[in-house]
Novice: 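Below you will find the structure I want to go over with you.
On a predicted model such as this, the values are computed, not experimentally measured, just so you know. Heads up: numbering here begins at 1 and tracks the sequence.
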Amino acid sequence: MSWLLKLFETYERCAGHEPDGAPKLMPIGHTRQQAHLEITLDGLGSFRRAQVISKIETVMPATEKSATRASGEAAHPLADKVQYVASDYPAFGGKKKGYFPSYLKQLEAWCGSPSTHPKARAVLAYVRKGRVVSDLVKQQMLVARNGVLLTKWDGDGPEPLIFKQLTAKRDGDEKGKDQGDALIRWVVETAPGEPATDTWTDQSLHQSWEDFYVSQLTRRGPCAVTGLPDSLVADQHPARLRNPADKAKLLSSNDTSGYTFRGRFHSADEALSVGFEVTQKAHNALRWLIDRPGAYRHAEQVVVSWSVGGEEIPDPFMDSLRLIAALSLPADIGPADTAQAFAVRLKRSLAGYGSKLDPGSDIVVMGLDSTSGMQGRMAITYYRELKGSELLERIEAWHTKVAWHQNFGKDSHFVGAPAPKDIAEAAFGMRVDDRLLKSTIERLLPCIVDGQAIPHDLVLATSRRASNRGGFKPTERWQWEKCLGIACALFKGFHMERNYQMALEPDRITRDYLYGRLLAIAENIESSALFVAGERRDTSAARLMQRFADRPFSTWKTIEVSLTPYKSRLRAQRGGLLFKREQLLDDTMAKFIADEFANDAPLTGEFLLGYHCQRQDLRPHKPAAEGSGSVDNTPDSDE
């Protein structure tokens, strides 16, 4: 229950202190749903006007049952669907069952209590008149023909707005879009100059409902989160955590026919008893954290990281470029185009977070997912509690460990670490399956937050894909460049004990590293000759890269022979450049130890590091055309 306690503490400390522009924490006893219609009343409950709205999320009072209803009679107290709030819905041929009596009973109880509110009384006075559907039809907000609400538009004119906002139950469903599903929210203009006429933003109305609802609760018992022996106990726990349509729940024990608790406990309360206020505030805090920009979301998967005290923290899912840009830095710091510049910028960026974050602050990183979409159960797939200083240290360690020259496109070149999503796409392609993407994200989280080793299969997958240069279309060259940088970053991070540098290491004489350097030199010679001749096409080294990675010795013979005509071309026009390249080629081959050059065993990802560093060394200034997606035969350096 540690996660519930941390979320509860987050609500208690952050409610009323939300950052400017951030969403507000929702009050307890409320839920959020998408509204379709808005009705404006005066303070006496007289109808003024109505309008169709574009599926706007609305915070509205709710009970434990209504907030988690799938179907049935549990009505919301104020804003709800037409089939609930309109007593004349059946008279207009409504296809769905009407639940007006239960809606009216609950609203009357609220308005008859000491916690009543004038806006709630205005809504009650209006719905008692039984003209909700009638008024909406007159205003042409709902569409009826011969006194019957239509379920689909078959007229000659443009489709009415209400049909555009509603969603059909199933494709091809003959019932189409039932207008009884349209959710109505209320605007009550009680007095001129009143600060808030919208019921969904009126804090006094929210407090009124909260006071009334809590007064109706009677179940008491121990709270497993706070440890209090006598608390108002929740009967059901909130849903709609990731979005208003999300019905998957983290806590649920209402399955009395299945095996949720049977066989171990006599009742659900013996399995888990949580206070009403605790579960409401904890789930509202989780919704708030998910809605914030820093949360990672993909399909049903969500990962949130936060400080319990509400301080700003770095996002573990950012790549280094976005992480450093998250805070404004001093003007004297230049572009991070070298390892040294990157280290300086990273330290200063994290120092900026450190100035706002207490080293002893409680930090939580939490992952959520569900296997059945937005239904059923949700699971906590990852959970860690850290101190502020620990989080900053581990983020710095991750970004330092896998730092490498990254090329994410024409205008996105930087030194640093890629984001987890970029790693997954580099390993399995841009169209990676959702399940595979989610599992990869889950496996990388411990590497970032806990400092665990990078999964070896991801290192191998990115290396293999970067070696398969022919698998990328000519228009996708930037994607191969991106994959190459990520593959080098992961290999370097996996083999920290080898202390690879981001610059060329002339003294590193391992077989794979040297073979990578040879491939880069051969590619440079051919690309320079092609540039001189005005040709634009891939080099032999680029086309044979995959084969070279599998059989370097035998493939090198083919590449070396293919260089002969290009050497002749350069000897006639760029003799000085050719002399330097041939000298570099001979020096590199001379570094091989004994018979390692003749070893035709497959190369590891280390050859990509040698290739990348040698290529960078031969090209001190990147040409402007790089990253544009076309084949680049610009020579890597001047004569």
Side-chain angles (χ1 to χ4, degrees), residues 338-339 342 398 400-407 415-418 422-423 426-427 447 453-472 480-524 541-542 544-557 559-560 584-585 587-619 636:
T338 66
F342 166 71
W398 165 257
T400 302
K401 180 168 72 173
V402 296
W404 197 262
H405 295 275
Q406 303 295 339
N407 182 352
V415 172
D422 294 320
I423 294 175
C447 304
I454 302 170
H456 190 224
D457 62 297
L458 289 182
V459 178
L460 294 177
T462 53
S463 296
R464 282 196 299 267
R465 194 157 178 268
S467 301
N468 185 22
R469 192 168 177 175
F472 294 83
W480 174 76
E481 293 280 1
K482 178 179 178 180
C483 182
L484 175 63
I486 294 174
C488 292
L490 293 192
F491 192 88
K492 167 183 173 282
F494 185 80
H495 296 283
M496 287 293 291
E497 74 284 356
R498 301 183 186 179
N499 195 29
Y500 289 112
Q501 304 299 309
M502 281 183 274
L504 180 65
E505 301 178 66
D507 296 330
R508 189 175 290 276
I509 57 174
T510 55
R511 165 181 171 269
D512 294 6
Y513 194 85
L514 291 174
Y515 259 125
R517 291 186 60 188
L518 288 179
L519 185 68
I521 298 168
E523 182 179 62
N524 179 266
L544 297 174
M545 194 171 187
Q546 178 67 65
R547 178 180 160 189
F548 182 80
D550 293 334
R551 298 184 298 277
F553 177 68
S554 56
T555 307
W556 175 250
K557 295 179 181 178
I559 294 175
E560 191 173 31
L584 181 60
L585 199 63
D587 290 344
T588 304
M589 295 186 68
K591 292 180 182 294
F592 281 91
I593 301 174
D595 297 330
E596 285 191 351
F597 178 70
N599 183 355
D600 210 22
L603 299 172
T604 67
E606 185 182 22
F607 98 93
L608 294 173
L609 273 68
Y611 167 81
H612 196 277
C613 290
Q614 182 65 76
R615 191 179 68 159
Q616 289 290 109
D617 187 69
L618 293 174
R619 185 177 51 206
D636 290 331

Novice: Of all the heavy-atom pairs spanning Pro455 and Cys447, show the shortest one and how long it is.
Specialist: CD-SG, 3.7 Å
Novice: Specify the closest pair of heavy atoms between Ala427 and Leu458, including all atoms of both residues, with the distance to one decimal.
Specialist: CB-CD2, 4.2 Å
Novice: Which distance, rounded to the nearest 0.5 Å, do you find between the CG of Asp617 and the CG of Leu584?
Specialist: 8.0 Å
Novice: Could you tell me the separation between the SG atom of Cys613 and the CG atom of Leu608, rounded to the nearest 0.5 Å?
Specialist: 10.5 Å
Novice: Atom CG in Leu609, atom CG in Leu504: separation rounded to 0.5 Å?
Specialist: 11.0 Å
Novice: Between Phe472 and Glu481, is any pair of side-chain heavy atoms under 4.5 Å apart?
Specialist: no
Novice: Start with the C-alpha gap between Met545 and Asn468, add the side-chain angles, then the distance that decides, and say whether side-chain contact (heavy atoms from CB on, under 4.5 Å) holds.
Specialist: CA-CA 7 Å; Met545 194 171 187; Asn468 185 22; over 6 Å; no
Novice: Should Glu606 and Arg498 be marked as a side-chain contact (heavy atoms from CB on, under 4.5 Å) after you check the CA-CA gap, both sets of side-chain angles, and the distance that decides it?
Specialist: CA-CA 11 Å; Glu606 185 182 22; Arg498 301 183 186 179; 4.2 Å; yes
Novice: Rounded to the nearest 0.5 Å, what's the gap from CZ on Arg511 to OG1 on Thr604? Could you check?
Specialist: 8.0 Å
Novice: Find out whether Gln406 and Ile486 are in side-chain contact, i.e. whether some heavy atom of one side chain is under 4.5 Å from a heavy atom of the other.
Specialist: yes
Novice: Under the 3.5 angstrom rule, does the side chain of Thr462 hit a backbone N or O of Val459 as a donor-acceptor pair?
Specialist: yes
Novice: Under the side-chain contact (heavy atoms from CB on, under 4.5 Å) criterion, do Trp556 and Leu518 qualify, and how do the steps go?
Specialist: CA-CA 9 Å; Trp556 175 250; Leu518 288 179; 4.0 Å; yes
Novice: Considering all heavy atoms of both residues, which atom of Ile559 and which atom of Ala541 are nearest to each other, and what is their separation?
Specialist: CD1-CA, 4.3 Å
Novice: So, applying ring-ring contact (aromatic ring centres under 6.0 Å, His included) with Tyr515, which one of Phe553, Phe597, Tyr611, Phe607 is it?
Specialist: Phe597
Novice: Are Arg469 and Gln546 side-chain neighbours, meaning at least one heavy-atom pair lies under 4.5 Å?
Specialist: no
Novice: Short question: side chain of Trp404, backbone of Met502 - any donor-acceptor pair under 3.5 Å?
Specialist: no
Novice: Do Glu497 and Asn499 pass the side chain to side chain donor-acceptor pair (under 3.5 Å) test, and can you show the C-alpha distance, the side-chain angles, and the key distance before you say yes or no?
Specialist: CA-CA 5 Å; Glu497 74 284 356; Asn499 195 29; over 6 Å; no
Novice: Which atom names give the shortest non-hydrogen contact between Arg615 and Leu484, and what distance separates them?
Specialist: NH2-CD2, 3.8 Å
Novice: Say whether Tyr500 and Glu505, considering side chains only, have a donor N or O and an acceptor N or O under 3.5 Å apart.
Specialist: no
Novice: To the closest 0.5 Å, what do you measure between CZ (Arg508) and CD (Gln501)?
Specialist: 7.5 Å
Novice: Regarding Arg619 and Glu523, does a basic nitrogen lie under 4.0 Å from an acidic carboxylate oxygen?
Specialist: no
Novice: Specify the closest pair of heavy atoms between Ala466 and Ala487, including all atoms of both residues, with the distance to one decimal.
Specialist: CB-CB, 3.9 Å
Novice: How close do Phe342 and Thr400 get, counting heavy atoms only, and between which atoms?
Specialist: CE2-CA, 4.5 Å
Novice: If you measure from NE2 on His612 to CZ on Arg517, what distance do you get to the nearest 0.5 Å?
Specialist: 15.0 Å
Novice: What do the steps show when you test Tyr513 against Lys591 for side-chain contact (heavy atoms from CB on, under 4.5 Å), and what is the final call?
Specialist: CA-CA 11 Å; Tyr513 194 85; Lys591 292 180 182 294; over 6 Å; no
Novice: Would you mind reporting whether Lys492 and Val402 have side-chain heavy atoms less than 4.5 Å apart?
Specialist: no
